[in-house]
Engineer: 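Let me give you the structure first, and then I'll get to my questions.
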Amino acid sequence: MTTLTQGTDTLTRNALTVLQPGFTGTTAPDWLLRRLGEGLAAVALFGRNVASAEQVAALTARLRAERDDVLVAIDEEGGDVTRLEVRTGSSFPGNHALGAVDDVELTRGVAAELGRRLAACGVNLDWAPSADVNANPDNPVIGVRSFGADPALVARHTAAYVTGLQSAGVAACTKHFPGHGDTAVDSHHAVPRIDADATVLAERDLVPFRAAIEAGTRAVMSAHILAPALDPDHPGTLSRRILTELLRGELGYDGLIVTDGIEMRAIAGTYGIEHGSVLAIAAGADAICVGGGLSDEETVRRLRDALVAAVRSGELPEERLADAAERVRALARWTSATAAAGRALAADEEVGLRAARRALRVTGAAGSTPLTAPPYVASLTPAPNIAVGNETPWGVAAELLRLLPGTETGSFSGPGAGEEVLRAAGDRRVVAVVRDEHRHPWMAAALDTLLAARPDTVVVEMGIPQAPPRGALHLATHGAARVCGRAAAEVLTGGE
């Protein structure tokens with residue numbers, strides 16, 4: 001049953017209601033349960049909170065024992081960005097693989113099965129899908145998280161993903177508005193800038209968000225990006241022009257607007273999290289995502305008090321905060337009303353693997369023979385971006401080891417990586433696994449070295465296949481999820 005502490009005033013409850021904080025550990029801390037009693041309406045889960053599906057289900061049940069309508073959010077995109085399967089790698093390929101297949105029914109099926117699993121764990125808000133058009137192939141943070149570079153393709157798959165996820169009773173949160181695809185900077189570190197004119201933005205970046213809104217997305221996540229054609233002074237998260245006039249007014253969106261992580265340097269390093277939260281709510285955001293990097297009670301208290309103080313000083317209209325809090329409660333009512341959908345949805349356990357197999361692109365197969373002896377798998381490993389993190393395993397080594405016991409592996413990076421691989425591999429056949437070769441000159445140089453010395457080297461590209469295919473055999477998986485590695489290993493050993 002929902003509980004509210006006696007004496008907690010409406011203003012303070014509303015300030016807590018608009019926060020979506022995280023915490024550390026795999027059980028709910030006392031301070032979090034207490035804040036739920038005081039009006040906190042949402043909790044965010046990250047990889048650090050996940051040990052197993054059963055543990056997450058027990059955790060969310062404990063949260064609902066304190067507040068039955070709590071929104072439990074997670075950043076579960078599938079593919080490279082997974083929290084539910086952070087220790088093993090995802091059972092679902094990411095957006096780029098789905099875009100490569102370009103079967104909207106498959107995308108809808110993948111999202112529905114992902115939603116079913118989230119619902120079974122008690123999660124009812126997913127910060128997905130990414131609707132960003134990957135207009136810049138050098139983008140350091142979106143990449144394979146995007147369905148592709150074609151706005152129409154991204155739009156139809158975004159709509160299919162929203163429909164599939166929400167068929168399981170899990171609210172979709174389409175991101176990152178007004179579009180993070182044409183950036184060369186990661187907003188975890190600084191404020192990216194998009195200098196495209198308003199016509200390009202309307203005909204490219206906004207197209208998938210229009211499709212998501214038409215499909216009924218229950219939430220939209222703002223981006224900490226500066227788009228001067230839309231607002232020369234404020235990043236999207238803090239822009240009334242972008243959130244209220246464009247998203248609500250011109251695009252007609254009436255659901256929940258959630259900020260991207262307020263502790264990201266694009267906001268925290270320029271405005272600070274307290275002032276940034278106030279400005280975001282004033283601009284039209286309804287919920288503040290916090291907790292990826294800050295996950296303690298003091299952060300919640302600081303943000304609550306900053307919102308309350310801003311209302312009392314006149315900086316933030318009280319009715320704007322009340323409206324934001326009501327949108328949070330409206331989403332909670334929707335999730336409560338649709339919770340049975342996830343329980344009733346039929347399972348499709350293999351849809352992710354089927355999708356990964358269909359996304360695989362093989363080049364240079366003529367005359368190439370399957371691996372029959374255990375190879376040496378050399379992972380040419382770039383620095384991970386913060387969204388993906390470095391906890392989740394990737395590659396093909398684990399799957400090849402399963403199929404070819406005795407397979408050996410190593411991770412290499414930087415200048416001289418090619419020579420290091422040759423020394424480590426000995427006389428074994430080399431399988432070189434790369435991620436976005438086109439973005440990393442050292443990686444391309446390592447492949448040059450390997451292929452010059454060992455022309456029979458197999459190359460598996462698990463990022464965006466922008467560089468020309470090369471190697472005795474070249475496999476493009478369009479993502480680094482566990483199932484993408486399995487699909488590649490099957491082909492390498494002459495299977496599926």
Side-chain angles (χ1 to χ4, degrees), residues 75 77 80-81 95-96 127-149 151 154 158 173-209 220-243 246-247 257-273 275-277 279-280 283-285 288-290 292-293 382-389 436 438-440 463-464 466:
D75 193 7
E77 299 176 14
D80 291 27
V81 180
N95 285 2
H96 202 60
W127 294 323
S130 167
D132 305 301
V133 178
N134 200 48
N136 182 354
D138 292 329
N139 194 310
V141 68
I142 301 301
V144 294
R145 302 167 66 197
S146 167
F147 288 111
V154 177
T158 297
C173 182
T174 305
K175 61 189 183 185
H176 307 80
F177 188 83
H180 209 313
D182 190 16
T183 60
V185 172
D186 184 346
S187 52
H188 289 90
H189 302 299
V191 181
R193 179 185 175 105
I194 295 179
D195 285 315
D197 63 33
T199 300
V200 170
L201 295 175
E203 295 178 354
R204 183 188 67 188
D205 300 78
L206 297 184
V207 171
F209 290 97
V220 168
M221 178 175 281
S222 67
H224 307 327
I225 60 171
L226 189 67
L230 302 179
D231 187 329
D233 301 315
H234 304 97
T237 293
L238 310 183
S239 171
R240 179 174 175 80
R241 162 71 189 121
I242 290 173
L243 298 187
L246 176 59
L247 181 54
I257 299 176
V258 184
T259 71
D260 206 344
I262 206 70
E263 75 275 19
M264 292 163 63
R265 296 302 297 169
I267 301 298
T270 51
Y271 298 88
I273 63 169
H275 193 215
S277 295
L279 293 175
I288 305 295
C289 168
V290 64
N385 70 58
I386 292 178
V388 174
D436 294 342
H438 69 283
R439 292 202 302 115
H440 303 287
I464 292 182
Q466 187 79 13

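We number each residue from 1, following the sequence as shown.
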Engineer: Can you name the side chain to side chain donor-acceptor pair (under 3.5 Å) partners of T174, sequence neighbours left out?
Structural biologist: T217

Engineer: Specify whether H180 and H176 have parallel, tilted or perpendicular ring planes, treating 30° as the upper limit for parallel and 60° as the lower limit for perpendicular.
Structural biologist: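 Ring orientation, 0 to 90° scale: perpendicular.
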
Engineer: Is T259 close to C289 at the side-chain level, that is, under 4.5 Å between some pair of heavy atoms?
Structural biologist: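 Yes, at least one pair of side-chain atoms sits under 4.5 Å.
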
Engineer: Would you please name every residue forming a side chain to side chain contact (heavy atoms under 4.5 Å, CB included) with A128, sequence neighbours left out?
Structural biologist: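 Scan of A128 (side chain to side chain contact (heavy atoms under 4.5 Å, CB included), adjacent residues dropped) gives E77, D126, Y161.
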
Engineer: Test side-chain contact (heavy atoms from CB on, under 4.5 Å) on V220 and L247; report intermediate values, then the result.
Structural biologist: CA-CA 9 Å; V220 168; L247 181 54; 4.0 Å; yes

Engineer: The criterion is side chain to side chain donor-acceptor pair (under 3.5 Å); which residues satisfy it with S222, sequence neighbours excluded?
Structural biologist: T237

Engineer: Could you tell me which residues satisfy side chain to side chain contact (heavy atoms under 4.5 Å, CB included) with Q466, sequence neighbours excluded, listed by chain and number?
Structural biologist: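 Partners of Q466 under the side chain to side chain contact (heavy atoms under 4.5 Å, CB included) test: P137, H438, I464.
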
Engineer: Name all residues meeting the side chain to side chain contact (heavy atoms under 4.5 Å, CB included) criterion together with C173; count only those two or more places apart in sequence or in a different chain, and write none if there are none.
Structural biologist: L125, W127, A219, M221, V258

Engineer: Which residues pass the salt bridge (charged side-chain N to carboxylate O under 4.0 Å, His left out) test with D195, not counting sequence neighbours?
Structural biologist: R193

Engineer: L206 versus L246: any side-chain heavy-atom pair under 4.5 Å?
Structural biologist: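 A side-chain contact under 4.5 Å exists here.
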
Engineer: How would you list, by chain and number, every residue that makes a side chain to side chain contact (heavy atoms under 4.5 Å, CB included) with I194, sequence neighbours excluded?
Structural biologist: D182, T183, A196, L201, R204, I225

Engineer: Out of curiosity, L238 CG to D233 CG, how far, rounded to the nearest 0.5 Å?
Structural biologist: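 Going from the CG atom of L238 to the CG atom of D233 covers 11.5 Å.
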
Engineer: So do the side chains of D436 and P382 get within less than 4.5 Å of each other, counting heavy atoms only?
Structural biologist: no

Engineer: Could you walk me through whether R145 and N95 pass side-chain contact (heavy atoms from CB on, under 4.5 Å), step by step?
Structural biologist: CA-CA 5 Å; R145 302 167 66 197; N95 285 2; 5.6 Å; no

Engineer: Applying side chain to side chain donor-acceptor pair (under 3.5 Å), name anything that partners S277, two or more places apart in sequence or on another chain.
Structural biologist: none

Engineer: Of all residues at least two apart in sequence or in a different chain, which pass the salt bridge (charged side-chain N to carboxylate O under 4.0 Å, His left out) check with D231?
Structural biologist: none

Engineer: Does H96 have any side chain to side chain donor-acceptor pair (under 3.5 Å) partners at least two apart in sequence or in another chain, and if so, which?
Structural biologist: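 So H96 forms no side chain to side chain donor-acceptor pair (under 3.5 Å) with any residue.
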
Engineer: Scan D132, D260, D75 and name whichever one has a salt bridge (charged side-chain N to carboxylate O under 4.0 Å, His left out) with K175.
Structural biologist: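 One option only clears the test, and that one is D75.
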
Engineer: Should we say atom CZ of R240 is surrounded by more than 12 heavy atoms from elsewhere, each under 6.0 Å from it?
Structural biologist: no

Engineer: Can you check whether N134 reaches N139 side chain to side chain, under 4.5 Å on heavy atoms?
Structural biologist: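 Side-chain contact under 4.5 Å: yes.
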
Engineer: May I ask you to decide if G143's main-chain N or O and S146's side chain share a donor-acceptor pair within less than 3.5 Å?
Structural biologist: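 A pair under 3.5 Å: no.
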
Engineer: Of the non-hydrogen atoms in L243 and A285, which two are nearest, and what is the gap between them?
Structural biologist: CD1-N, 3.7 Å

Engineer: Is it true that a side-chain atom of H224 and a backbone atom of G261 form a donor plus acceptor pair closer than 3.5 Å?
Structural biologist: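 Answer holds: yes.
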
Engineer: Looking at every heavy atom in both I288 and A280, which two are closest together, and how far apart are they?
Structural biologist: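 Shortest heavy-atom contact: CD1-CB, 3.9 Å.
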
